[in-house]
There are 2 protein chains.
Amino acid sequence: MLNNTIPVLDQSNTDACRSSSKGSTNGSSCAMKYEAFKVACSSCNLRELCLPVGLSQPQLSHLDSLVATRKTVKRGDALFHTGDAFRSVYAVRTGFFKTRISSEDGRDQVTGFQMAGELLGLDGISTDRHACDAIALEDSQVCVIPYAQLEDLSREFSDLQHQFHKIMSREIVRDHGVMLLLGSMRAEERLAAFLLNLTQRLHARGFSASALVLRMTREEIGSYLGLKLETVSRTFSKFQDEGLLEVKQRDIRITDEAGLRALVNSVRC
Amino acid sequence: MLNNTIPVLDQSNTDACRSSSKGSTNGSSCAMKYEAFKVACSSCNLRELCLPVGLSQPQLSHLDSLVATRKTVKRGDALFHTGDAFRSVYAVRTGFFKTRISSEDGRDQVTGFQMAGELLGLDGISTDRHACDAIALEDSQVCVIPYAQLEDLSREFSDLQHQFHKIMSREIVRDHGVMLLLGSMRAEERLAAFLLNLTQRLHARGFSASALVLRMTREEIGSYLGLKLETVSRTFSKFQDEGLLEVKQRDIRITDEAGLRALVNSVRC
DNA sequence: CGTTTGCTTGACAGCATTCAACGTTGGTGG
DNA sequence: CCACCAACGTTGAATGCTGTCAAGCAAACG
């Protein structure tokens, strides 16, 4: 339900540039390295997870000329804010983001967490202004995809057009899965589903399927899952007591994946 | 947050064919009538709410040839089911639908209610199979828009392409609003937001802004809002006691819209 | 006219929230 | 290098909102 069905990554050396789990390195050194390689979609090791999925080599080179600029966003900074003019969508290249919306009375809702290869900013198409804030949860870099040019190019290449539509549709399906989670699951089920979804996406990017470092706070997890931070913390502790996880602050090791999975798929006890 | 910002309908005789609130007429007589008028997008009185928004007359005639077939769906029947092959998107012409997803363990979540001019089936693009069930809540008729042809045509006309993207983006923004509702609002706030959203959309279609007939059961409202049907019922009663609404089963009259609006925008009491 | 489906209401229970205190970690500056 | 501070995380106790279970009523349908 929460699962993004993302094609498996071409594993050619994806570990080359990856921020350490200690968070001590900042993103810029990584960015420099990529720039040195003159990175383009056609040679990006994320291309099997990102917009270029399924494009031919000539199509890729057109896309390369479109995705000419990159942007570095420091941890805690916004890639865009609600109300900003919408000009581009963004592909996460390195790092990690959250998107959130705010109601007039100040309540926030985290609407998603985005990692490498995932697109940000699709909400902006509907009104020409962004409808959420996108905040970097660690030093990050994104590819800037000017939207007008993306529309132009996808009128030329039906493969690109179709892939873009698939990505938007996938976001809709994902959102519906989150609605199911928020509308009908209990705290334990929500957190279990969340962890399984995260590890599945990380695994598709070449990371371990059983160990992960959370890039977000308990409060951010809680906002996404419709829970208070105390409930998130308590549920982590409960999972640890039950032998499902090992929790050390933001370092999580899944010790009983089947147990987690059973939680998600079980009706009320 | 829940509000779809939909342009106001051109009011030329939109009341001509409208199923009675008693539900005693079936949709087919209505359908016949429309067929007699040889309905096309270019002459449809929903065109300012639907896919054709902003298209020129020549573009509209192209769209007319694409949207050649219509389909009648009886109350309770499905327009499509989860897993069905995806070939078309559908525009609601008359009637009312719900979409729902089911988890493996049998839990359902209503993900939306669709009325005239709104599109159904966008979820299917991502995997070439529909990802939800679309169920008619009253006898309904939809325009069938073959998706492959829609892609073809929107490569020719950037206006159509852009409008289609806007519609998908608007669905994403709407979903995020529902997440906010499910994640952070209490029962009263959820129901108030739901009613305001419904009346706003109905009003854009020429109906009263203060009276409405619910096409869905308390259970379906509850599923959409992440509440049990008893809670929905109790909250309706509470609103009535407080003088916000007059509730007679599915007939609702809003007697204090400002009061409802205040509920949605107020932080916790 | 009887049956089914949907709606309302009451009593009670349970899960998540709230409020509060304390512990941990990482960064900063003396 | 260490002390301090701020942000984050954990845990306990009590409250309350919503769910659960149950009964009765109303409306719709054949």
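We use all heavy atoms of the structure for the numbers below, so side chains are in, but hydrogens, waters and symmetry mates are not. Throughout, protein chains are lettered first and strands after them, A, B, ... in sequence-line order, and every chain is numbered starting at 1. Predicted model, so just to flag it, every value in this text is computed and none were measured.
Using a 4.0 Å heavy-atom distance criterion, A:Leu229 is classed as a base contact. Within the 4.0 angstrom heavy-atom criterion, only backbone atoms of the sugar-phosphate kind lie near A:Gly226; the bases stay farther away. Residue contacts for A:Gly76: at a heavy-atom cut-off of 4.0 Å it reaches no nucleic acid atom on any strand shown. Within the 4.0 angstrom heavy-atom criterion, base atoms lie near B:Ser233.
Of all nucleotides listed (C:dA16, D:dC8, C:dC7), D:dC8 comes nearest to the side chain of A:Thr217. Comparing C:dG6, D:dG19, C:dT8 by their closest approach to the side chain of B:Lys228 singles out D:dG19. Among D:dG9, C:dC7, C:dC15, the nucleotide with an atom closest to any side-chain atom of B:Gln249 is C:dC7.
Side-chain atoms of B:Glu230 stay outside donor-acceptor range of the base of C:dC7, with no qualifying N/O pair under 3.5 Å. Looking at B:Arg234, its side chain comes within 3.5 Å of the base of C:dG10 through a donor and an acceptor atom.
For D:dT10, the OP1/OP2 oxygens have a side-chain nitrogen or oxygen of A:Arg218 closer than 4.0 Å. Within the structure, every side-chain polar atom (N or O) of A:Ser237 is placed at least 4.0 Å from both OP1 and OP2 of D:dT10. Taking only side-chain nitrogens and oxygens, A:Thr231 comes nearer than 4.0 Å to OP1 or OP2 of C:dT17. Between A:Arg250 and D:dC8, a side-chain N or O to OP1/OP2 separation shorter than 4.0 Å is absent.
The distance from the CG atom of A:Leu225 to the CD atom of A:Glu189 is 12.0 Å, given to the nearest 0.5 Å.
For CZ of A:Arg250, the number of neighbouring non-hydrogen atoms (other residues, nucleotides, ligands) closer than 6.0 Å is greater than 12.
A distance-only check finds no donor-acceptor pair linking the side chain of A:Asp108 to the backbone of A:Ser102 [under 3.5 Å].
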